[in-house]
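Here's the structure, in structure tokens; my notes come after.
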Amino acid sequence: MFEVMFIFTVIFVAYVVYTTINEQKATPKPSSEPKVKPEAPKVVTEQPVPVPKTVAKIKKPAPIKKTAPTTATKNTVKKGLRDPKTGEIATTYSNYRFTKRWIKDALVTEGLLEKVYKNNELDSAIEATIKDAVIKLEAIEKYKP
């Protein structure tokens with residue numbers, strides 16, 4: 001096994017050296033002196049802009065109306081579950097395999113699931129009951145963000 005890994009390593013190193021050498025040959029080296037002399041910048045004289053003799057009247061801006069702040073921003077519903085012990089808010093818990101441990105424990109302590117399932121115990125029927133349990137957990141006031 002060691003010999004096979006050594007052979008693959010040697011082949012990989014040879015490939016890397018080969019590609020770096022070919023890349024250096026493909027890109028031309030920039031010469032220190034330019035072949036074409038840059039042209040001198042053309043000087044353009046600016047013509048004076050005629051100033052109008054009449055002055056336009058400036059209108060005063062209309063007064064700004066003060067409005068009360070809208071309450072829609074205060075009543076926005078935040079999606080997620082809040083851990084009552086630490087105050088942590090979890091927003092991704094749609095997949096049971098990747099949910100946080102405290103959410104799994106909360107499902108069991110609230111009586112929505114009978115136990116914390118292992119990943120190899122999950123099937124379609126159990127996942128359906130888990131999703132229903134998570135929806136019920138979101139409705140409990142203690143876990144709302």
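The chain is numbered in sequence order, starting from 1. Quantities reported herein were computed from a predicted structural model and do not represent experimental measurements.
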Given Val108 and Glu114, is the side-chain contact (heavy atoms from CB on, under 4.5 Å) satisfied, shown in steps?
CA-CA 6 Å; Val108 174; Glu114 58 187 45; over 6 Å; no
Working note: Tyr18 + Glu23, criterion side-chain hydrogen bond (donor to acceptor under 3.5 Å, both in side chains); need CA distance, chi angles, decisive distance, verdict.
CA-CA 9 Å; Tyr18 176 76; Glu23 287 178 359; over 6 Å; no
Could you go step by step and tell me if Phe12 and Val16 meet the side-chain contact (heavy atoms from CB on, under 4.5 Å) rule?
CA-CA 6 Å; Phe12 177 74; Val16 170; 3.8 Å; yes
So which heavy atom on Pro145 is nearest to which on Gly80, and how close?
CD-O, 3.4 Å
Scan side-chain atoms only and decide if Glu127 and Tyr117 contain a donor-acceptor pair under the 3.5 Å cut-off.
no
Starting at CG of Leu81, measure out to NZ of Lys100 and round the result to the nearest 0.5 Å.
11.5 Å
Could you check whether atom NZ of Lys144 has more than 12 heavy atoms from other residues, nucleotides or ligands sitting under 6.0 Å from it?
yes
Could you grab the distance from atom CD1 of Ile140 to atom CZ of Arg82, nearest 0.5 Å is fine?
12.5 Å
Check whether NZ of the Lys or CZ of the Arg Lys104 lies under 6.0 Å from the centre of the six-membered ring of Tyr96 and within 45 degrees of that ring's axis.
yes
Separation between CG (Asn95) and NZ (Lys131), nearest 0.5 Å, reads 8.0 Å
Could you grab the distance from atom NZ of Lys136 to atom CG of Leu113, nearest 0.5 Å is fine?
9.5 Å
Output the distance between atom CD (Gln24) and atom OG1 (Thr20), rounded to the nearest 0.5 Å.
6.0 Å
State, without any angle test, whether Asn22 and Thr19 hold a side-chain donor-acceptor pair at a distance under 3.5 Å.
no
Could you walk me through whether Asp132 and Thr129 pass the side-chain hydrogen bond (donor to acceptor under 3.5 Å, both in side chains) test, one step at a time?
CA-CA 5 Å; Asp132 292 338; Thr129 58; over 6 Å; no
Does Glu121 pair with Lys118 as a salt bridge, N-O distance under 4.0 Å?
no
Verify side-chain contact (heavy atoms from CB on, under 4.5 Å) between Ile103 and Leu137, making sure each step is shown before the conclusion.
CA-CA 9 Å; Ile103 296 175; Leu137 187 68; 4.2 Å; yes
State the CH2-OH distance between Trp102 and Tyr143, to the nearest 0.5 angstrom.
8.0 Å
Is there a side-chain contact (heavy atoms from CB on, under 4.5 Å) between Leu122 and Ile130 once you walk through the steps?
CA-CA 10 Å; Leu122 297 176; Ile130 290 171; 3.8 Å; yes
